[in-house]
Amino acid sequence: MNETVYIETTIVSYLTAWPSKDLLRAAQQMATKDWWEHQRNTYQLLTSEVVQIEASAGDPAAAAERIAVLNALPLLPMTPAARQIARELLTQTALPATADRDALHVAIAASNGVEYLLTWNCRHLANATLRGKIESVCRSLGYEPPIICTPLELVR
């Protein structure tokens, strides 16, 4: 069986967005599209209802494109264990109190044994200064944390 990857909202957003005029964001969009085209089939992609909720926001036409991509992916359940992990990530300040949905992404992935969490959210998720705290909280609760990374890092 292929390794599992939790697809977080920024990935589907960058995949379907109009090209940005911001050079960094445009490069991230291109990297996402390249990963989707050349790497995704070597992994089992998964997502969650939290991602669907986030992806449904904003411009209706853009949201419909994001949801169309997500509809092809299996949904991971929001379990009591995921709620507990998310609560602890926030309580123990592994993530800021305002990052409750980001905590849910990590928690859903961890509680379901997902190996990777793919994201462009470098503020709260793919952030080297928070990674150790996130991993410590997950492990203290008996769960292996997902490896949180960007499409540039998850290549074979």
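No experiment lies behind these values; they were computed from the predicted model shown.
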A.B. asks: Report the relative orientation of the aromatic rings in Tyr116 and Tyr43; use parallel for angles under 30°, tilted for 30 to 60°, perpendicular for over 60°.
C.D. replies: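 Ring orientation, 0 to 90° scale: perpendicular.
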A.B. asks: Assess the residue pair Thr150 and Gln28 against the criterion (side chain to side chain contact (heavy atoms under 4.5 Å, CB included)); give the C-alpha distance rounded to whole Å, side-chain angles, the decisive distance to 0.1 Å, and a yes or no.
C.D. replies: CA-CA 9 Å; Thr150 70; Gln28 291 170 333; over 6 Å; no
A.B. asks: Looking at Ala110 and Cys138, what are the two nearest heavy atoms and their distance?
C.D. replies: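 So the two residues come closest at CB-SG, 4.1 Å.
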A.B. asks: Measure across Ala31 and Trp120 and return the closest heavy-atom pair with its distance rounded to 0.1 Å.
C.D. replies: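 It is CB-CZ2, 4.1 Å.
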A.B. asks: Would one find more than 12 heavy atoms of other residues, nucleotides or ligands at under 6.0 Å from atom CZ of Arg25?
C.D. replies: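 Result for CZ/Arg25: open.
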A.B. asks: Go through the steps to decide whether Arg101 and Glu8 satisfy the test salt bridge (Lys or Arg N to Asp or Glu O under 4.0 Å), and finish with yes or no.
C.D. replies: CA-CA 10 Å; Arg101 285 191 175 166; Glu8 185 263 347; over 6 Å; no
A.B. asks: Take Asn127 and Thr129 through the side chain to side chain donor-acceptor pair (under 3.5 Å) test and state the conclusion after the steps.
C.D. replies: CA-CA 6 Å; Asn127 181 318; Thr129 65; 2.5 Å; yes
A.B. asks: Working to the nearest 0.5 Å, report the span between CG of Leu90 and CD1 of Ile85.
C.D. replies: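 If we round to the nearest 0.5 Å, Leu90:CG and Ile85:CD1 are 12.0 Å apart.
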A.B. asks: Give a yes or no on this: more than 12 heavy atoms of other residues, nucleotides or ligands lie within 6.0 Å of atom CD of Glu49.
C.D. replies: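 Not more than 12 within 6.0 Å, no.
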A.B. asks: Between atom CG of Leu118 and atom CD1 of Ile147, what is the distance when rounded to the nearest 0.5 Å?
C.D. replies: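 The CG atom of Leu118 sits 12.0 Å away from the CD1 atom of Ile147.
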A.B. asks: Do Leu73 and Ile53 belong together in a cluster built from hydrophobic side chains that touch within less than 4.5 Å?
C.D. replies: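 No, because Leu73 and Ile53 fall into different hydrophobic clusters, even though each may have its own neighbours under 4.5 Å.
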A.B. asks: If only side-chain N and O atoms count, and only distance matters, is there a donor-acceptor pair under 3.5 Å linking Thr9 with Glu54?
C.D. replies: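 Indeed, the side chains of Glu54 and Thr9 share at least one donor-acceptor pair under 3.5 Å.
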A.B. asks: Verify whether one side chain among Thr4 and Glu115 offers a donor that lies under 3.5 Å from an acceptor in the other.
C.D. replies: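 Yes, side-chain donor-acceptor contact under 3.5 Å.
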A.B. asks: Given Leu154 and Gln39, is the side chain to side chain contact (heavy atoms under 4.5 Å, CB included) satisfied, shown in steps?
C.D. replies: CA-CA 8 Å; Leu154 189 59; Gln39 297 290 324; over 6 Å; no
A.B. asks: Between Glu37 and Lys33, is the salt bridge (Lys or Arg N to Asp or Glu O under 4.0 Å) condition met? List the steps.
C.D. replies: CA-CA 6 Å; Glu37 183 178 335; Lys33 289 176 183 181; over 6 Å; no
A.B. asks: Which atom pair, heavy atoms only, marks the closest approach of Ala55 to Val12?
C.D. replies: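 Minimum heavy-atom contact is CB-CG1, 4.4 Å.
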A.B. asks: Are Tyr6 and Ser48 close enough, and set up right, to give a side chain to side chain donor-acceptor pair (under 3.5 Å), and what steps lead you there?
C.D. replies: CA-CA 8 Å; Tyr6 180 96; Ser48 72; 2.6 Å; yes
A.B. asks: Over all heavy atoms of both residues, which pair between His124 and Ile134 is shortest? Give the atoms and the distance, please.
C.D. replies: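 For His124 and Ile134, the tightest heavy-atom pair comes out as O-CD1, 3.9 Å.
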A.B. asks: Is Glu3 paired with Arg156 through a side-chain N to carboxylate O contact shorter than 4.0 Å?
C.D. replies: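 Looking at Glu3 together with Arg156, the answer is yes, because their closest N to O distance falls below 4.0 Å.
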A.B. asks: Identify the two heavy atoms, one from Gln52 and one from Ile67, that lie closest to each other, and give their separation to 0.1 Å.
C.D. replies: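 Of all heavy-atom pairs spanning Gln52 and Ile67, the closest is O-CD1, 3.6 Å.
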A.B. asks: Looking only at heavy atoms, which two atoms of Thr119 and Pro151 are closest? And how far apart?
C.D. replies: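 Minimum heavy-atom separation between Thr119 and Pro151: O-CD, 4.0 Å.
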